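Atoms considered below: every heavy atom in the structure, side chains included; atoms not considered: hydrogens, waters and symmetry mates. Keep in mind that this is a model prediction, so the values were computed, not measured. For reference, positions follow the sequence shown, starting with 1.
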Amino acid sequence: SKEVGRNSFQLFKPSMNARSLERFAMMSRFQYALENDEFELYFQPKQCLRSKAIKGVEALLRWQDPALGIISPAQFIPLAEELGLIVKLDLWVLNNAGMQLALWQQQGITAGRLAINISACHLSQGSLSSSVEKMLQRYNLSGNCLEIELTESSFISSFSQAKRELWQLKKMGVQIALDDFGTGYSALSYLTKLPIDTLKIDASFIAKVPDEYGNSEIVAAIVAMANSLNLKVIAEGVEKLAQYSYLLELGCDVIQGYYYCRPLTQRQWLEFYQLQNQP
Ligand code: C2E
Ligand code: CA
Ligand code: CA
Ligand code: CA
């Protein structure tokens with residue numbers, strides 16, 4: 001809880017085990033890291049299945065700690081939540097995404113929208129849309145270049161607040177994707193009650209396609225549902241040709257995963273983009 005997070009320094013005891021010591025070390029480093037720009041965005045392109053072209057890029061956060069090495073967001077996002085620093089971290093991502101977008105526009109890079117991940121708890125704070133608006137103004141950008149990936153848990157704590165925020169974003173031209181689709185609370189009514197543009201089928205379903213019975217059918221059903229609701233659909237975690245072929249056959253719009261491209265540093269991403277766009 002936040003309470004524990006705030007008092008974590010007082011919780012230090014010599015009796016702590018190795019795991020909580022490691023956690024403690026990470027917590028105390030985290031705040032410092034946020035002030036000192038130890039974070040970096042990696043970029044993973046998405047591919048349009050029909051045209052084979054790049055269809056947007058997702059920004060994925062990395063923490064490079066001088067002592068601890070590269071730390072995965074799966075580890076530090078929960079930590080940031082516990083420390084009450086998640087909104088601050090999201091704002092760092094938002095601002096850096098804006099900086100990147102402005103830079104890419106200067107360089108003539110047109111690779112579709114840049115998608116950023118926003119933590120579930122952020123939406124209920126009611127400040128996301130105004131932060132996005134300020135960022136767009138700061139970098140002189142249109143909302144049309146931005147996409148926000150949210151999980152279903154974003155809507156749980158305050159549905160009406162979330163709805164207001166999403167409509168604000170929508171008005172600016174920002175698109176909304178539902179991340180990890182199929183793993184959450186699966187209240188399908190969200191799909192018609194909220195301005196959602198895209199479903200991202202969770203990687204756990206894709207991992208078992210096409211072999212494991214039942215999974216291919218679930219994926220097929222999600223794609224069909226998305227198509228009939230006029231939502232775009234992305235499959236994430238596509239690693240193998242068999243998965244790619246199956247998704248192509250289903251009429252899935254876009255894929256993302258190691259099969260197409262791994263998350264890349266900013267420099268690697270520019271190289272990838274240039275290779276794809278060679279005359
Ligand atoms: P996610 O949004 O579902 O992102 C997909 C994750 O799968 C990424 O892990 C990505 O590197 C990984 N991935 C991509 N393609 C493949 C593949 O073909 N196979 C496999 N096995 N994995 C693949 P990553 O970068 O470690 O991020 C983990 C999670 O952390 C993300 O899941 C997202 O929920 C969160 N996260 C990442 N960046 C941010 C951020 O800037 N802000 C917030 N709030 N959360 C973030
Ligand atoms: Ca995501
Ligand atoms: Ca996901
Ligand atoms: Ca995920």
Peer 1: Taking all non-hydrogen atoms of both residues, which atom of E239 and which atom of Q243 are closest, and how far apart?
Peer 2: N-OE1, 2.8 Å
Peer 1: Can you name the nearest heavy-atom pair linking L150 to S154, along with the distance?
Peer 2: CB-OG, 3.6 Å
Peer 1: Is there a path of hydrophobic side-chain contacts, each under 4.5 Å between heavy atoms of I, L, V, M, F, W or Y residues, that connects V254 with V219?
Peer 2: no
Peer 1: Do the ring planes of F30 and F76 sit parallel (below 30°), tilted (30 to 60°) or perpendicular (above 60°)?
Peer 2: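 Judged by the thresholds at 30° and 60°, the geometry between F30 and F76 is tilted.
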Peer 1: So do the side chains of L123 and Q161 get within less than 4.5 Å of each other, counting heavy atoms only?
Peer 2: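 No, side chains not in contact.
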Peer 1: Main chain of I255, side chain of E236: is a donor-acceptor contact present, judged purely on distance under 3.5 Å?
Peer 2: no
Peer 1: Side chains of N117 and V93: does their closest heavy-atom pair fall under 4.5 Å?
Peer 2: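 In short, these two side chains do not touch, never coming nearer than 4.5 Å.
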Peer 1: Does the side chain of S129 pick up a donor-acceptor pair with the side chain of E165 at under 3.5 Å?
Peer 2: yes
Peer 1: Quick check: does any side chain N or O of N95 sit under 3.5 Å from a backbone N or O of L91, one acting as donor and the other as acceptor?
Peer 2: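 Checking the backbone N and O of L91 against the side chain of N95, no donor-acceptor pair under 3.5 Å is found.
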Peer 1: Find the distance between CG (L34) and CG (L83) and round it off to the nearest 0.5 Å.
Peer 2: 10.0 Å
Peer 1: Among the clusters formed by ILVMFWY side chains lying less than 4.5 Å apart, do I118 and L101 turn up in the same one?
Peer 2: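 Yes, one cluster joins them.
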Peer 1: Is Y258 reachable from L60 through a run of I, L, V, M, F, W or Y residues, each pair having side-chain heavy atoms under 4.5 Å apart?
Peer 2: no
Peer 1: Do any N or O atoms from the side chain of Q100 and from the backbone of N96 form a donor-acceptor pair under 3.5 angstrom?
Peer 2: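 No, the answer is negative, given that no donor and acceptor are paired below the 3.5 Å cut-off.
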Peer 1: Could you check whether the rings of F155 and Y190 sit parallel, tilted or perpendicular, using 30° and 60° as the cut-offs?
Peer 2: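 Correct class here is perpendicular.
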Peer 1: Less than 4.0 angstrom from a charged side-chain N to a carboxylate O is my criterion; do K170 and D197 meet it?
Peer 2: yes
Peer 1: Can you see which heavy atom on S204 is nearest to which on N215, and at what distance?
Peer 2: O-OD1, 4.2 Å
Peer 1: Could you give me the CA-CA distance, side-chain angles and deciding distance for K55 and E147, then say whether salt bridge (Lys or Arg N to Asp or Glu O under 4.0 Å) is met?
Peer 2: CA-CA 12 Å; K55 183 76 181 179; E147 183 170 6; over 6 Å; no
Peer 1: Using the side chain to side chain contact (heavy atoms under 4.5 Å, CB included) rule, take I148 and V132 through it: C-alpha gap first, then chi angles, then the decisive distance, then the call.
Peer 2: CA-CA 10 Å; I148 288 178; V132 169; 4.0 Å; yes
Peer 1: Ignoring hydrogens and geometry, is there a side-chain-to-backbone donor-acceptor pair from E35 to Y32 under 3.5 Å?
Peer 2: no
Peer 1: Report whether L169 and Y139 are members of the same hydrophobic cluster (ILVMFWY, side-chain heavy atoms less than 4.5 Å apart, transitive linking).
Peer 2: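 Per the 4.5 Å side-chain linkage, L169 and Y139 are co-clustered.
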Peer 1: Following the transitive rule for hydrophobic clusters with a side-chain heavy-atom cut-off under 4.5 Å over Ile, Leu, Val, Met, Phe, Trp and Tyr, establish whether L85 and W63 coincide in one cluster.
Peer 2: yes
Peer 1: Search all heavy atoms of A235 against all heavy atoms of I206 and return the closest pair with its distance.
Peer 2: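 Taking every non-hydrogen atom into account, CB-CD1, 3.7 Å.
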Peer 1: Return a table of donor-acceptor pairs under 3.5 angstrom between the side chains of residues 270-279 and protein atoms on other chains or two or more places apart.
Peer 2:
unit_1: Y273; atom_1: OH; unit_2: T110; atom_2: N; d: 3.1
unit_1: N277; atom_1: ND2; unit_2: Y273; atom_2: O; d: 2.7

Peer 1: For a quick test of reading the model, state the closest non-hydrogen atom pair linking S142 to L136 and the distance between them.
Peer 2: O-CD2, 3.9 Å
Peer 1: Within the side chain of N36, is there an N or O that forms a donor-acceptor pair under 3.5 Å with the backbone of E38?
Peer 2: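 The answer is no, because no donor-acceptor pair under 3.5 Å joins these two groups.
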Peer 1: Would the distance check show the side chain of S119 and the main-chain N or O of C121 forming a donor-acceptor pair, the cut-off being under 3.5 Å?
Peer 2: no
Peer 1: For T265, does its backbone N or O pair with a side-chain atom of Q268 as donor and acceptor, under 3.5 Å?
Peer 2: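 Between the backbone of T265 and the side chain of Q268 there is a qualifying donor-acceptor contact (under 3.5 Å).
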Peer 1: Could you check whether K46 pairs with E58 (Lys NZ or Arg NE/NH1/NH2 to Asp/Glu carboxylate O, under 4.0 Å)?
Peer 2: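 Salt bridge: no.
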Peer 1: Applying ring pair (Phe, Tyr, Trp, His ring centres under 6.0 Å) as the test, list every pair that has at least one member in residues 197-253; sequence neighbours left out.
Peer 2: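 Residue pairs with at least one partner in residues 197-253: Y244-Y259.
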Peer 1: Decide yes or no on side chain to side chain donor-acceptor pair (under 3.5 Å) for Q47 and Q256, but give the supporting numbers first.
Peer 2: CA-CA 6 Å; Q47 185 184 34; Q256 193 179 9; over 6 Å; no
Peer 1: Can D253 and K232 be counted as an ion pair, charged N to O under 4.0 angstrom?
Peer 2: no
Peer 1: Checking the side chain of R62 only, and the main-chain atoms of E40 only, is there a donor and an acceptor separated by less than 3.5 Å?
Peer 2: no
Peer 1: Could you give me the CA-CA distance, side-chain angles and deciding distance for D180 and T151, then say whether side chain to side chain donor-acceptor pair (under 3.5 Å) is met?
Peer 2: CA-CA 6 Å; D180 303 342; T151 57; 5.8 Å; no
Peer 1: If you look at every heavy atom in E152 and G182, which pair is closest and at what distance?
Peer 2: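 Closest pair (atom of E152, atom of G182, distance): OE1-N, 4.2 Å.
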